[in-house]
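Notes follow the structure.
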Amino acid sequence: QVQLVESGGGLVQAGGSLRLSCAASGRTFSTRIMAWFRQAPGKEREFVARIMWNGGSTYYADFVKNRFTISRDNAKNTVYLQMNSLQPEDTAVYYCAASNALDSAFSRSYHYWGQGTQVTVSS
């Protein structure tokens with residue numbers, strides 16, 4: 001079992017920034033990928049970014065490139081999502097997820113999820 005707890009969501013004006021954190025605990029030794037997904041009202045959950053736990057290589061969805069940065073602190077078992085230049089379209093519940101797969105941007109490959117943190121961007 002892996003437990004994930006997100007924090008850092010909130011209300012921000014368009015153009016503003018937020019940093020989300022995800023603290024992992026439990027049996028994390030087999031985790032290969034940490035990722036962020038988001039789900040807006042009435043829409044499917046979509047991939048945002050992922051980072052390899054060992055090595056730290058990153059991959060982003062096109063709609064957040066050059067605005068969001070995913071990073072990790074292995075010693076703290078924590079992954080971050082720095083979000084800059086936020087727009088109303090970024091409003092969603094953001095979820096942290098962990099996977100034992102070799103690589104994936106699909107939600108079905110992630111078996112461990114946090115409770116989600118709300119990000120609201122006002123115009």
Would you say the ring centroid of Phe37 lies under 6.0 angstrom from that of Tyr95?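 Aromatic pair excluded; centres sit 6.0 Å or further apart.
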
Looking at [X] and [Y], what are the two nearest heavy atoms and their distance?
| X | Y | result |
| --- | --- | --- |
| Thr91 | Gln118 | CG2-NE2, 4.0 Å |
| Ser21 | Trp36 | O-CH2, 3.8 Å |
| Ser123 | Pro88 | CB-CG, 3.9 Å |
| Tyr110 | Ser104 | OH-O, 2.6 Å |
| Phe68 | Tyr60 | O-CE2, 3.3 Å |
| Ser17 | Gln82 | CB-NE2, 4.0 Å |

I'd like to check the side-chain hydrogen bond (donor to acceptor under 3.5 Å, both in side chains) partners of Thr58; sequence neighbours left out, ordered by chain and number.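 With neighbours one apart ignored, the set is empty.
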
Does Asp90 have any side-chain hydrogen bond (donor to acceptor under 3.5 Å, both in side chains) partners at least two apart in sequence or in another chain, and if so, which? Arg38, Arg67

For the atom pair [atom1] ([X]) and [atom2] ([Y]), what is the distance rounded to the nearest 0.5 Å?
| X | Y | atom1 | atom2 | answer |
| --- | --- | --- | --- | --- |
| Arg50 | Ser57 | CZ | OG | 4.5 Å |
| Ser71 | Met34 | OG | CE | 11.5 Å |
| Asn84 | Leu18 | CG | CG | 9.5 Å |
| Asn77 | Ser25 | CG | OG | 8.0 Å |
| Gln1 | Tyr112 | CD | OH | 5.5 Å |
| Leu81 | Arg19 | CG | CZ | 10.5 Å |

Any heavy-atom pair between the side chains of [Y] and [X] that's under 4.5 Å?
| X | Y | answer |
| --- | --- | --- |
| Ile51 | Ile33 | no |
| Ser99 | His111 | no |
| Glu89 | Phe63 | no |
| Asn100 | Thr31 | yes |
| Trp113 | Arg45 | yes |
| Asn74 | Asn54 | yes |

In sequence, state the C-alpha distance, the side-chain angles, and the governing distance for Tyr94 and Gln39, and then conclude on side chain to side chain contact (heavy atoms under 4.5 Å, CB included). CA-CA 7 Å; Tyr94 283 71; Gln39 187 166 21; over 6 Å; no

With clusters defined by side-chain heavy atoms of hydrophobic residues (ILVMFWY) lying less than 4.5 Å apart, directly or transitively, does Leu20 cluster with Val64? yes

According to the disulfide (SG to SG under 2.5 Å) rule, which pairs have a member within residues 13-86, sequence neighbours left out?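 For residues 13-86: Cys22-Cys96.
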
Counting only N and O atoms by type, is there a donor-acceptor contact under 3.5 Å from the side chain of Ser109 to the main-chain atoms of Ser107? no

Is a side-chain N or O of Gln115 found less than 3.5 angstrom from the main chain of Glu6, in a donor-acceptor match? yes

Side chain to side chain contact (heavy atoms under 4.5 Å, CB included) evaluation trace for Arg72 with Tyr80: CA-CA 6 Å; Arg72 79 197 198 285; Tyr80 306 94; 5.9 Å; no

